[in-house]
Amino acid sequence: TDLDAGSPAGVWSFDGASRALVQTATTQGGALGADDPRKAGSMLLSRVGGAPLALARFIAVVEFESATAQGVGLVFGRTGADRWHFLASQANGYHMFGRKAGPAWSVIGTPASAGFSVGRRHTLALTAFDHTLRVALDGVQTLEVHTDEPVPAGEIGFFTHGNNGARFHRVRLLELV
């Protein structure tokens with residue numbers, strides 16, 4: 001497994017009062033800082049009618065907040081348990097794109113000095129189109145990278161790394177053609 005020894009599995013629930021998906025376990029594999037590409041964590045994948053989505057070109061807009069400073073983001077282009085891309089954001093720290101391909105973890109491009117504020121609701125927008133990955137936080141672009149290969153059509157979902165206080169309020173997905 002890619003999780004650190006003793007790391008709990010993710011614990012996801014729906015909070016009806018705030019209409020949010022909540023992740024309450026400190027699921028983590030790899031260091032929290034931007035210097036380690038291994039960002040194993042908890043994922044909640046989107047399934048429409050029980051079937052996984054297979055998106056390659058898309059815009060995902062997510063409203064979230066976090067009670068802790070650790071990683072919050074999205075997993076996308078997931079074609080298997082050991083093949084996926086991710087966007088990780090850490091409070092007042094970084095935005096990072098990365099990839100897991102088999103046993104190997106890698107950072108895509110150079111992480112940006114950016115991140116969210118703890119205890120405040122934010123809007124995160126991720127665009128994946130051919131060789132370009134772009135992210136904006138609260139309407140301000142924070143990172144754009146270009147990949148060697150386009151992101152494969154695969155599953156998309158919420159992602160946390162060492163964060164036991166993440167709340168995802170709303171997501172809008174737009175497939176690009």
Side-chain angles (χ1 to χ4, degrees), residues 1-3 7 9-12 14 20-23 25 27-30 34 36-64 70-90 94-112 116 122-137 141-163 166-177:
T1 179
D2 290 311
L3 297 177
S7 177
V11 178
W12 293 89
F14 180 70
L21 289 166
V22 181
Q23 207 294 111
T27 309
Q28 178 181 334
D36 185 354
R38 187 168 67 107
K39 299 291 180 234
S42 182
M43 297 180 203
L44 181 64
L45 301 171
S46 179
R47 304 271 167 102
V48 178
L53 295 174
L55 300 175
R57 297 173 171 166
F58 63 89
I59 298 172
V61 181
V62 178
E63 292 179 22
F64 78 95
Q70 310 324 332
V72 174
L74 294 169
V75 59
F76 56 99
R78 185 180 185 273
T79 59
D82 66 347
R83 299 213 176 275
W84 42 278
H85 289 69
F86 65 87
L87 164 68
S89 178
Q90 188 170 349
Y94 61 81
H95 278 167
M96 170 194 289
F97 284 111
R99 170 180 34 235
K100 175 165 175 43
W105 292 82
S106 59
V107 173
I108 302 170
T110 302
F116 60 89
H122 294 280
T123 300
L124 189 69
L126 166 63
T127 302
F129 191 83
D130 292 339
H131 294 270
T132 302
L133 300 174
R134 182 179 302 127
V135 65
L137 182 67
Q141 182 175 317
T142 58
L143 179 61
E144 180 175 315
V145 300
H146 299 280
T147 63
D148 294 337
E149 298 177 14
V151 173
E155 293 182 272
I156 187 169
F158 302 124
F159 171 72
T160 63
H161 177 248
N163 188 319
R167 304 174 71 81
F168 296 90
H169 295 277
R170 180 171 32 183
V171 64
R172 292 171 298 225
L173 286 173
L174 175 65
E175 185 172 14
L176 302 173
V177 291

**Q.** Candidate pair Tyr94 and Leu143, rule side chain to side chain contact (heavy atoms under 4.5 Å, CB included), full reasoning
**A.** CA-CA 10 Å; Tyr94 61 81; Leu143 179 61; over 6 Å; no
Going by heavy atoms in the side chains, are [X] and [Y] under 4.5 Å from each other?
{"X": "Glu175", "Y": "Leu53", "answer": "no"}
{"X": "Phe168", "Y": "Leu124", "answer": "no"}
{"X": "Trp105", "Y": "Asp2", "answer": "yes"}

**Q.** side-chain contact (heavy atoms from CB on, under 4.5 Å) partner of His161, chosen from Arg38, Gln28, Met96
**A.**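 Between His161 and the candidates, side-chain contact (heavy atoms from CB on, under 4.5 Å) is satisfied uniquely by Gln28.
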Minimal non-hydrogen separation, [X] against [Y], with atom names:
{"X": "Phe97", "Y": "Val145", "value": "CD1-CG2, 3.6 Å"}
{"X": "Gly41", "Y": "Thr27", "value": "C-CG2, 3.6 Å"}
{"X": "Ala9", "Y": "Ala25", "value": "O-CB, 3.2 Å"}
{"X": "Gly154", "Y": "Thr79", "value": "CA-CG2, 4.4 Å"}
{"X": "Pro37", "Y": "Val107", "value": "CB-CG2, 3.6 Å"}
{"X": "Thr160", "Y": "Ala166", "value": "CG2-CB, 3.7 Å"}

(Q) Holding to salt bridge (Lys or Arg N to Asp or Glu O under 4.0 Å), I want the full list of residues that pass it with Asp130, two or more places apart in sequence or in another chain. (A)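 Result, salt bridge (Lys or Arg N to Asp or Glu O under 4.0 Å) vs Asp130: Arg57.
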Reported [atom1]-to-[atom2] distance for the pair [X] and [Y], which is rounded to 0.5 angstrom:
{"X": "Trp84", "Y": "Met43", "atom1": "CH2", "atom2": "CE", "result": "3.5 Å"}
{"X": "Arg99", "Y": "Leu133", "atom1": "CZ", "atom2": "CG", "result": "9.0 Å"}
{"X": "Ile108", "Y": "His146", "atom1": "CD1", "atom2": "NE2", "result": "12.5 Å"}
{"X": "Glu155", "Y": "Arg47", "atom1": "CD", "atom2": "CZ", "result": "4.0 Å"}
{"X": "Glu63", "Y": "Arg170", "atom1": "CD", "atom2": "CZ", "result": "4.5 Å"}
{"X": "Gln90", "Y": "His95", "atom1": "CD", "atom2": "NE2", "result": "10.5 Å"}

Q: Could you tell me whether the side chain of Arg134 and the main chain of Gln141 form a donor-acceptor pair under 3.5 Å?
A: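 Absent.
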Q: Return yes if some donor-acceptor pair links the side-chain N/O of Gln23 with the main-chain N/O of Val11 below 3.5 Å, else return no.
A: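 Looks like yes, one N/O pair under 3.5 Å.
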Q: Write out all pairs satisfying ring pair (Phe, Tyr, Trp, His ring centres under 6.0 Å) with one or both partners inside residues 38-64, taking only residues at least two apart or from two chains.
A: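 Qualifying pairs: Phe58-Phe76, Phe64-Phe116, Phe64-His122.
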Q: Starting from the C-alpha separation in whole Å, work towards a yes-or-no answer on side chain to side chain contact (heavy atoms under 4.5 Å, CB included) for Glu144 and Thr132.
A: CA-CA 7 Å; Glu144 180 175 315; Thr132 302; 3.9 Å; yes
Q: I would like to know whether Leu74 and Phe158 meet side chain to side chain contact (heavy atoms under 4.5 Å, CB included); could you show each step before the answer?
A: CA-CA 5 Å; Leu74 294 169; Phe158 302 124; 4.0 Å; yes
Q: Go through Lys100 and Arg83 one step at a time and tell me if the side chain to side chain contact (heavy atoms under 4.5 Å, CB included) criterion holds.
A: CA-CA 5 Å; Lys100 175 165 175 43; Arg83 299 213 176 275; over 6 Å; no
